[in-house]
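Just so it is clear, the structure is predicted and the values come from calculations on it, not from any experiment.
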Amino acid sequence: MRLALPLRPEVLSALPLELRLEAERLEGTFRHENPVLGPLDLPFAARLEGERVRPIPLPPPSLEVEGWLRPTGLELEVRLRLPPGRTWGERAFARILEALFAKALEESLPAGARPPL
């Protein structure tokens with residue numbers, strides 16, 4: 001899922017998100033109310049290389065974020081990282097969880113930050 005996230009306080013305060021920027025490292029946690037699994041805290045980390053945001057892999061379940069830091073805000077691609085499914089049923093369940101996450105994330109974004117880019 002791709003999204004544009006303006007850095008304005010009113011946008012950030014509307015999200016179930018904790019965001020920290022220290023030196024060239026961006027870290028945070030997205031709080032997700034999953035209808036199947038209940039409340040989840042999904043951490044993410046990335047490093048800034050100039051304007052480029054590059055993901056730092058974290059163990060699943062977590063988020064992977066990458067994109068660009070623009071003067072108008074962050075442009076990110078967000079992916080849900082889950083443990084690899086060993087069976088077709090586990091892989092199907094993972095796809096359901098990914099769809100639920102994408103829908104919840106999209107609904108939590110203010111109108112000006114919603115996909116598609």
Side-chain angles (χ1 to χ4, degrees):
M1 165 178 263
R2 294 186 60 118
L3 58 100
L5 183 57
L7 292 175
R8 297 186 314 270
E10 64 273 12
V11 172
L12 293 176
S13 66
L15 296 173
L17 177 71
E18 288 179 19
L19 191 61
R20 296 174 299 285
L21 179 59
E22 296 176 12
E24 284 148 19
R25 185 176 172 106
L26 176 68
E27 295 180 339
T29 303
F30 182 81
R31 294 187 184 343
H32 171 53
E33 186 64 42
N34 186 290
V36 176
L37 301 175
L40 296 174
D41 288 345
L42 298 167
F44 61 89
R47 67 181 169 277
L48 299 175
E49 298 174 355
E51 292 183 352
R52 188 81 171 121
V53 178
R54 300 218 183 256
I56 297 173
L58 298 175
S62 63
L63 298 179
E64 186 174 285
V65 297
E66 66 179 306
W68 299 92
L69 179 60
R70 307 280 191 206
T72 56
L74 287 169
E75 291 178 11
L76 297 176
E77 185 170 324
V78 179
R79 287 180 293 283
L80 179 61
R81 293 194 62 204
L82 297 170
R86 294 182 309 266
T87 66
W88 69 267
E90 289 175 349
R91 291 188 295 273
F93 184 63
R95 284 193 289 278
I96 292 168
L97 292 177
E98 289 168 348
L100 290 170
F101 170 74
K103 182 172 174 50
L105 180 59
E106 185 175 344
E107 288 174 352
S108 69
L109 292 171
R114 289 196 178 156
L117 269 181

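Shortest non-hydrogen contact noted between Pro43 and Ser62 is O-CB, 3.4 Å. Across all non-hydrogen atoms, the minimal contact from Ala45 to Arg25 is CB-NH2, 3.8 Å. Arg20 and Gly28 get closest at one heavy-atom pair: NH2-N, 4.0 Å. Nearest heavy atoms, Glu18 versus Phe44: O-CZ, 4.3 Å. Taking each heavy atom of Leu69 and Val53 in turn, the nearest pair found is N-CG2, 4.1 Å.
Evaluation of the salt bridge (Lys or Arg N to Asp or Glu O under 4.0 Å) test over residues 89-101, restricted to residues two or more places apart or in two chains, returns Arg86-Glu90.
For the salt bridge (Lys or Arg N to Asp or Glu O under 4.0 Å) test, residues two or more places apart in sequence or in another chain that qualify with Glu49 are Arg47, Arg54.
Residues Phe101 and Val78 have side chains in contact (heavy-atom distance under 4.5 Å, counting atoms from C-beta outward). Counting heavy atoms from C-beta on, the side chains of Leu63 and Phe30 come closer than 4.5 Å. Side-chain contact check for Thr29 versus Leu19: every heavy-atom pair is 4.5 Å or farther apart. Two residues are said to be in side-chain contact when any heavy atoms from C-beta on lie closer than 4.5 Å; Pro61 and Leu40 fail this criterion.
Leu26 is not connected to Leu58 by any chain of hydrophobic side-chain contacts under 4.5 Å among Ile, Leu, Val, Met, Phe, Trp and Tyr, and they are in different clusters.
Checked by atom type and distance alone, the side chain of Arg31 never pairs as donor or acceptor with a backbone atom of Leu17 at under 3.5 Å.
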